[in-house]
Peer 1: 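Would you mind keeping the following structure in view while I ask a few things?
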Amino acid sequence: MTKSRPKQGKSVFVRTYGCQMNVYDSERMTGLLKPLGYDVTAEPDDADLVILNTCHIREKAAEKVYSELGRLKKLKTAKHKSGSDMSIVVAGCVAQAEGAEITARAPQVDMVIGPQAYHRLPELLARAARDSGDVLETDFAVEEKFDRLAEREADGPTAFLTVQEGCDKFCTFCVVPYTRGAEVSRSVDAITAEARSLARQGVREITLLGQNVNAWQSAPPSGEAGAPWGLGELCRRLATIDGLERIRFTTSHPRDMDDGLIAALGDEEKLMPYLHLPVQAGSDKILKAMNRGHTAEHYMGLIKRIRDARPDIAISGDFIVGFPGETDEDFEATLGVVEEIGYASAYSFKYSRRPGTPGSTMPKQVAEDVKDARLARLQALLESQRAEFNGAQIGKVLPVLFEKSGRYEGQLIGRSPYLQSVHVTAPQSLLGSIATVRIEGVTPNALAGKLTTNDEAAA
Ligand code: SAH
Ligand code: SF4
Ligand code: F3S
């Protein structure tokens, strides 16, 4: 709970929706505002500035923004009555997709800023204060954005780091190519500088982010010759940074999973044995209609090669049920792929028609009740696989990176290499470091275990 405090500087409240890249972007926005005197507050009630960092991926995600804006309108009106003010900024993918429609529908919004324009937040705030009109900024200029962001402050032992942004794949269900723009990769120099700075501040694990993270490609670092680097080479370079113990990356696309990256997963110890590789559907007809650019067989062959390189790797995925034209038989093919692969975790969704995407106007849209029934079956199967994967950890000794205190006195919560949450009784001094834990039990959402003794850890 936040205590009300005497007001000195200004305060900003940020609500983040959607994917991890939005989490990263929100962090960068609060970083930009700090030098302007804005402290982060946990509740909108006492904020001078409210930023909604939005997601447009499914209808429900986009609608949440408008209901939140409804609540904020009341708050803003109440503040006006009491003689104070509150500015409302809509950032992120809804801002990019809907632009001026937002201020038309929700006049309480002062500013609409797309994902590639938020580095300009300070000057836009100044402009809004000067002219009293609405501000709309939705240009694409990714390189410039990253160049203009200040050095980051780490917050705990794990951090996200955006290395690639945008998407050229144009899956027919998806808004991301329109909201995040074309694929752009940051340079090795920029990424290593950010990772080094994080490591110096105590970050032990970084997750490299990109809408198609494994499409990342860039010239070698300055002063080094050679062909362009892929994500595998980037990970190997980051693994040489002192203090950085774990590297993850997400989200990968099956079409960009090259041999260099598979080899790195096989032999670079700091790369964690966990891969999020969405397939979306198991029927080749549906994969084609989705414009995924690969077949189910290609995907399964890829997973086999990855498992040959790193046998203990945990596979995660995304699935969509009820894409236009999906028959019972097509859906059975999705279940077949899931049975074949065996997922450690997964996200699954009902197809949502997104305005402007080719899928939204395709014939043979699937009825909502059919989507519901398919989603329930798929989720039951995925859940049983997750439980099986978690159960299989019992008795194992796993390195755990402790991230935060648990709900109970003396309890810490950390992550296994496979991204499972692990609850352990452990001293606070272990926060931010890795220790080995013998896994003794599973709860629905976590593993539980005990710190090993030195002899056990060495064994
Ligand atoms: N860039 C990533 C993630 C994209 S969005 C990738 O290519 O995998 C995350 C997930 O949301 C997608 O993998 C997909 O499963 C889901 N998704 C995207 N658009 C959707 C839509 N219109 N309806 C339902 N789910 C959708
Ligand atoms: Fe969307 Fe497909 Fe691009 Fe992923 S690869 S962001 S699902 S268009
Ligand atoms: Fe959503 Fe945009 Fe991420 S649409 S999933 S916030 S890229």
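By convention here, the first residue in the shown sequence is residue 1.
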Peer 1: Using the test side-chain contact (heavy atoms from CB on, under 4.5 Å), find all partners of M272 that sit at least two apart in sequence or belong to another chain.
Peer 2: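 So M272 forms a side-chain contact (heavy atoms from CB on, under 4.5 Å) with R246, R248, P417.
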Peer 1: F173 ring centre to R354 NZ or CZ under 6.0 Å, with the angle to the axis within 45°?
Peer 2: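 No, a cation-pi geometry is absent between R354 and F173.
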Peer 1: Return the set of residues passing salt bridge (charged side-chain N to carboxylate O under 4.0 Å, His left out) with E59 (not counting sequence neighbours), or none when no residue passes.
Peer 2: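 Testing E59 for salt bridge (charged side-chain N to carboxylate O under 4.0 Å, His left out), a comparison that skips the adjacent residues, returns none.
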Peer 1: How are the rings of H294 and H298 set to each other: parallel, tilted or perpendicular (split at 30° and 60°)?
Peer 2: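 H294 and H298: tilted rings.
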Peer 1: Name all pairs fulfilling the ring-ring contact (aromatic ring centres under 6.0 Å, His included) condition that reach into residues 174-193, sequence neighbours left out, sorted by first residue then second.
Peer 2: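 Pairs touching residues 174-193 that pass the test: F170-Y178.
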Peer 1: Which pairs count as salt bridge (charged side-chain N to carboxylate O under 4.0 Å, His left out) when at least one residue sits in residues 226-241, sequence neighbours excluded?
Peer 2: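 Applying salt bridge (charged side-chain N to carboxylate O under 4.0 Å, His left out) to every pair that reaches into residues 226-241, excluding sequence neighbours, yields E224-R237, R236-D267.
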Peer 1: Under the ring-ring contact (aromatic ring centres under 6.0 Å, His included) rule, what pairs show up with a residue in residues 10-40, not counting sequence neighbours?
Peer 2: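 ring-ring contact (aromatic ring centres under 6.0 Å, His included) check on residues 10-40 returns no pairs.
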Peer 1: Please report the shortest heavy-atom distance between T179 and C93, naming the atom on each side.
Peer 2: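 Scanning both residues completely, I find the closest heavy atoms to be OG1-SG, 3.3 Å.
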Peer 1: Let's go through S26 and N53 carefully: what are the C-alpha distance in whole Å and the side-chain angles of both, what is the deciding distance for side chain to side chain donor-acceptor pair (under 3.5 Å) to 0.1 Å, and is it a yes or a no?
Peer 2: CA-CA 7 Å; S26 290; N53 196 10; 3.0 Å; yes
Peer 1: Which value, rounded to the nearest 0.5 Å, describes the distance between I51 atom CD1 and L121 atom CG?
Peer 2: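 Between atom CD1 of I51 and atom CG of L121 there are 5.0 Å.
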Peer 1: Tell me whether E123 at atom CD has more than 12 heavy atoms from other residues, nucleotides or ligands lying less than 6.0 Å away.
Peer 2: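 Enclosed: over 12 neighbouring heavy atoms sit under 6.0 Å from CD of E123.
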Peer 1: Out of Q280, M362, K371, which one pairs with F323 under the side chain to side chain contact (heavy atoms under 4.5 Å, CB included) rule?
Peer 2: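 The residue from Q280, M362, K371 that satisfies side chain to side chain contact (heavy atoms under 4.5 Å, CB included) with F323 turns out to be M362.
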Peer 1: Test: side chain to side chain donor-acceptor pair (under 3.5 Å). Region: residues 83-97. Which pairs qualify, not counting sequence neighbours?
Peer 2: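 Applying side chain to side chain donor-acceptor pair (under 3.5 Å) to every pair that reaches into residues 83-97, excluding sequence neighbours, yields H80-D85.
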